[in-house]
Protein chains: 2
Amino acid sequence: MAVRKGKVINNIRRIRLARTALTQVELAAMVGATRQTIIAIEGGKYAPSMELAFRIARAFGEPFEDVFEFDPDG
Amino acid sequence: MAVRKGKVINNIRRIRLARTALTQVELAAMVGATRQTIIAIEGGKYAPSMELAFRIARAFGEPFEDVFEFDPDG
DNA sequence: GATTTACGTAAAATATGTTTGACATTGAAA
DNA sequence: TTTCAATGTCAAACATATTTTACGTAAATC
């Protein structure tokens, strides 16, 4: 039984709308990514790179682990 | 002037040796990665994926942001 | 001095994340 | 009812992360 890899969950959409009221385009610009990337990450298509993840948390002014959570059983 | 991307710094080597006294092979096995990956990440060749980063922090029993830090000006 | 353990380098192949560009849908506003 | 902003889908190209395999070195130990 190989090591469990888990899943990273993000609260980007919730925070973007509830706390900051940014559009995807605005957020993308703030963090130096494209709209497609924001869409894909919000939609759970894949997890962002570490660099992008930190930039997003900073753009929100939220602690990293409030934006990104780890589900070890995912 | 494009958005600054910053750099992710990790304290894996320090924690691995000082706190847990694990070898690279042992750590790799614990987190489901290869020795090469641990070497590359410790050596700053690249940042790990989010999933791997969370697994490493958990393997150490350390808070995520104690293991991985963001340098916005890197 | 041969063997073993831990760490390092390097390169090719594969997997995952990011960009670019084009087009579709929905709701709000003119 | 048309226009526009925001969101979504899709696919190809590109960049980065990870694995696999092989070989090199230094220190400890037999």
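Since this is a predicted model, take the numbers as computed values, not measurements.
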J.: Give the ring-plane orientation class for A/Phe70 versus B/Phe54, where under 30° counts as parallel, over 60° as perpendicular and anything between as tilted.
T.: parallel
J.: Under 4.0 Å from OP1 or OP2 of D/dT7: is there any side-chain N or O of A/Arg16 that close?
T.: yes
J.: C/dT18 C1' sits how many Å from A/Ile39 CD1, rounded?
T.: 13 Å
J.: Looking at B/Glu42 and B/Arg16, does any basic side-chain N land under 4.0 Å from a carboxylate oxygen?
T.: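 A salt bridge is present here (some side-chain N lies under 4.0 Å from a carboxylate O).
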J.: If I compare all heavy atoms of A/Ala28 with all of A/Arg35, which pair ends up nearest, and what's the gap?
T.: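 The answer is CB-N, 3.8 Å.
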J.: Which is true for A/Ala47 with a 4.0 Å heavy-atom rule: it touches a base, it touches only sugar-phosphate, or it touches nothing?
T.: sugar-phosphate
J.: Whole-Å distance between C/dA6 P and B/Ile38 CD1?
T.: 15 Å
J.: Figure out the CD/P separation between A/Gln36 and D/dT9, and round it to whole Å.
T.: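 About 10 Å, once rounded to whole Å.
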J.: So does B/Thr37 get a side-chain nitrogen or oxygen closer than 4.0 Å to the phosphate oxygens (OP1/OP2) of D/dT19?
T.: yes
J.: What's A/Thr23 touching, base or sugar-phosphate or nothing? Going by heavy atoms closer than 4.0 Å.
T.: sugar-phosphate
J.: Just to be sure I understand the rule, does B/Ala33 reach a base, reach only the sugar-phosphate, or reach nothing, if contact means heavy atoms closer than 4.0 Å?
T.: sugar-phosphate
J.: Does B/Ala40 or A/Glu26 map to a spot on DNA chain D nearer the 5' end, using the closest nucleotide for each?
T.: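 Final value for this comparison: A/Glu26.
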J.: How long is the line joining NZ of B/Lys5 and P of C/dG17, in whole Å?
T.: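 Answer to the nearest Å: 16 Å.
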J.: Does A/Arg35 get its side chain close enough to the base of D/dG8, under 3.5 Å, for a donor-acceptor pair?
T.: yes
J.: Can you tell me how far C1' of C/dT19 sits from CD of A/Glu51, to the nearest Å?
T.: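 Atom CD in A/Glu51 sits about 16 Å away from atom C1' in C/dT19.
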J.: Rounded to whole Å, how long is the line connecting atom OH of A/Tyr46 with atom C1' of D/dC14?
T.: 12 Å
J.: Using 4.0 Å as the upper bound for N to carboxylate O, is an ion pair formed by A/Glu62 and A/Arg19?
T.: yes
J.: Check the phosphate of D/dG8 against A/Arg13, side-chain N and O only, distance under 4.0 Å to OP1 or OP2. Yes or no?
T.: yes
J.: How long is the line joining NZ of B/Lys45 and C1' of D/dA15, in whole Å?
T.: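 Answer to the nearest Å: 14 Å.
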J.: With distance as the sole criterion, do the side chain of A/Gln24 and the base of D/dA5 form a donor-acceptor contact below 3.5 Å?
T.: no
J.: What are the two closest non-hydrogen atoms of A/Leu52 and A/Ala33, and how far apart are they?
T.: CD1-CB, 4.1 Å
J.: Rounded to whole angstroms, how far apart are CG on B/Leu52 and P on C/dT16?
T.: 13 Å
